[in-house]
Amino acid sequence: MERLQKVLAQAGVASRRKCEEIITAGRVEVNDETVTTLGVKVDPAVDVIKVDGRPINRQQMTYLLFNKPKGVITSASDPEGRKVVSDYIHDVKERIYPVGRLDYDSEGVLLLTNDGELANLLTHPRHHVAKTYHATVKGVPHGDSLDKLRQGIQLEDGMTAPAEVEYVDINPDKNETIVSITIHEGRNRQVRRMFEAIHFPVERLKRVQFGSIQLDGLMRGKYRKLTNAEVEELRRTALQSHNVQKGRP
């Protein structure tokens, strides 16, 4: 037996938190009886579960790592006709969706899944899962400038959490610097705004790691399935980060 909201999330209905809202709104039926109480346990192999009158499908959980190219929308569709992530995903029957954001002008690690519970774990602010980017900027930021990022910097939507920052490469011929920055938040265009705040706008931005997942030679525009071990490590990392924030061992 499993909690109803967990079964709904695993069926790809929505994130676990959103599924809780769907339940309390009276939109879920179990064996033709409306359920509005959280914590109800069900057996998805036996019980008939409906959302808005439609039976849910017990989907196979799918987890993908995609190396998103620049110029691709992190969405299922785009009214302007630009390329979207789903244009690159083939031979996947399940309805999967991106975990978090990676903006149009950025590239690199993007996770996709139909596991709403895991997606919520990885993106919820309280879990603070690390994401590492390589930012290419014009010029060479001095150590004092990078220290501002390490300490947290004021943006229009508030102070950022301290970031881990280090030089990756300096190209004197092009007058460019590649800086590695690891953040634990997920604000919109956060890395770009952080570098703008120290007056070194980002020219190119690549996410190279999400939690424990790295590209490891995956070509741009290609994807692969995550292993069971990788999925469990992501789940463990998210839960561990949450416990650390709460002060638990």
Side-chain angles (χ1 to χ4, degrees), residues 1-23 27-31 35 38-52 54-68 74-77 84-102 108-131 186 207 209-216 218 221-243:
M1 301 285 282
E2 298 178 279
R3 290 180 181 270
L4 178 56
Q5 56 264 43
K6 180 178 180 180
V7 172
L8 294 177
Q10 289 179 337
V13 173
S15 70
R16 190 162 179 173
R17 171 167 287 193
K18 184 65 177 177
C19 286
E20 292 176 349
E21 296 175 6
I22 291 171
I23 293 169
R27 295 169 55 189
V28 180
E29 296 176 19
V30 178
N31 300 326
V35 175
L38 299 179
V40 171
K41 291 191 175 182
V42 297
D43 183 347
V46 176
D47 295 318
V48 178
I49 304 168
K50 298 179 182 178
V51 176
D52 296 331
R54 297 182 179 181
I56 66 169
N57 294 318
R58 185 69 168 177
Q59 301 184 79
Q60 177 181 347
M61 291 295 101
T62 300
Y63 310 89
L64 301 182
L65 165 61
F66 175 54
N67 186 350
K68 187 187 96 65
T74 306
S75 174
S77 61
V84 295
V85 170
S86 57
D87 291 334
Y88 292 83
I89 309 299
H90 309 288
D91 304 321
V92 176
K93 295 182 295 183
E94 291 75 27
R95 182 172 174 268
I96 57 176
Y97 46 91
V99 177
R101 308 183 186 98
L102 193 57
V109 172
L110 182 66
L111 304 179
L112 301 103
T113 186
N114 57 348
D115 186 339
E117 181 182 18
L118 180 61
N120 185 56
L121 278 175
L122 293 172
T123 57
H124 197 284
R126 71 171 178 258
H127 293 127
H128 301 273
V129 176
K131 295 170 284 289
R207 184 156 66 192
Q209 187 165 346
F210 190 129
S212 55
I213 304 300
Q214 304 179 49
L215 289 172
D216 288 333
L218 184 66
K222 300 297 182 181
Y223 65 92
R224 67 168 178 83
K225 289 186 176 182
L226 297 183
T227 66
N228 290 337
E230 287 174 324
V231 173
E232 289 311 306
E233 177 63 17
L234 280 172
R235 198 183 310 275
R236 186 196 65 78
T237 298
L239 292 172
Q240 184 180 60
S241 297
H242 176 45
N243 289 337

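Residues: numbered from 1 along the sequence shown.
- The closest donor-acceptor contact from the side chain of Asp47 to the backbone of Asp43 lies under 3.5 Å.
- Under a 4.0 Å N-O distance rule, the pair Glu117/Arg3 does not qualify as a salt bridge.
- Here the side chains of Leu64 and Leu111 are not in contact, with every heavy-atom distance at 4.5 Å or above.
- In this structure, the side chains of Val109 and Arg207 come closer than 4.5 Å at one or more pairs of heavy atoms.
- Counting non-hydrogen atoms of other residues, nucleotides and ligands closer than 6.0 Å to CG of Asn228 gives a total of 12 or fewer.
- Residue Thr74 comes nearest to Leu102 through the heavy atom pair OG1-O, 2.5 Å, listed as atom of the first residue, atom of the second, then distance.
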**Criterion side chain to side chain contact (heavy atoms under 4.5 Å, CB included) on Leu8 and Ile23, from CA distance to verdict** = CA-CA 10 Å; Leu8 294 177; Ile23 293 169; 3.9 Å; yes
**Item:** Verdict with reasoning, Val28 to Val51, per side chain to side chain contact (heavy atoms under 4.5 Å, CB included)
**Value:** CA-CA 5 Å; Val28 180; Val51 176; 4.2 Å; yes
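- Ion pair Asp115/Arg235 flagged as a salt bridge, since at least one NZ, NE, NH1 or NH2 atom sits closer than 4.0 Å to an Asp/Glu carboxylate oxygen.
- Remark: side-chain polar atoms of Tyr97 are paired, donor with acceptor, to backbone N or O of Gly116 under 3.5 angstrom.
- For the pair Asn114 (side chain) and Thr62 (backbone), a donor-acceptor distance under 3.5 Å is present.
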**Item:** Derivation of the side chain to side chain contact (heavy atoms under 4.5 Å, CB included) call for Leu226 and Thr113
**Value:** CA-CA 10 Å; Leu226 297 183; Thr113 186; over 6 Å; no
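- Using a 4.5 Å cut-off on side-chain heavy atoms (C-beta onward), Val7 and Ile56 make contact.
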**Asked** Can you list the steps and then say if Ser212 with Glu233 is a side chain to side chain donor-acceptor pair (under 3.5 Å)?
**Response** CA-CA 7 Å; Ser212 55; Glu233 177 63 17; 4.6 Å; no
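- Residues passing the ring-ring contact (aromatic ring centres under 6.0 Å, His included) test with Phe66 are Tyr88, sequence neighbours excluded.
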**Message:** I'd like to know whether Phe210 forms a side chain to side chain contact (heavy atoms under 4.5 Å, CB included) with Val99, so could you lay out the CA-CA distance, the side-chain angles of the two residues, the decisive distance to 0.1 Å, and finally the verdict.
**Reply:** CA-CA 10 Å; Phe210 190 129; Val99 177; 4.2 Å; yes
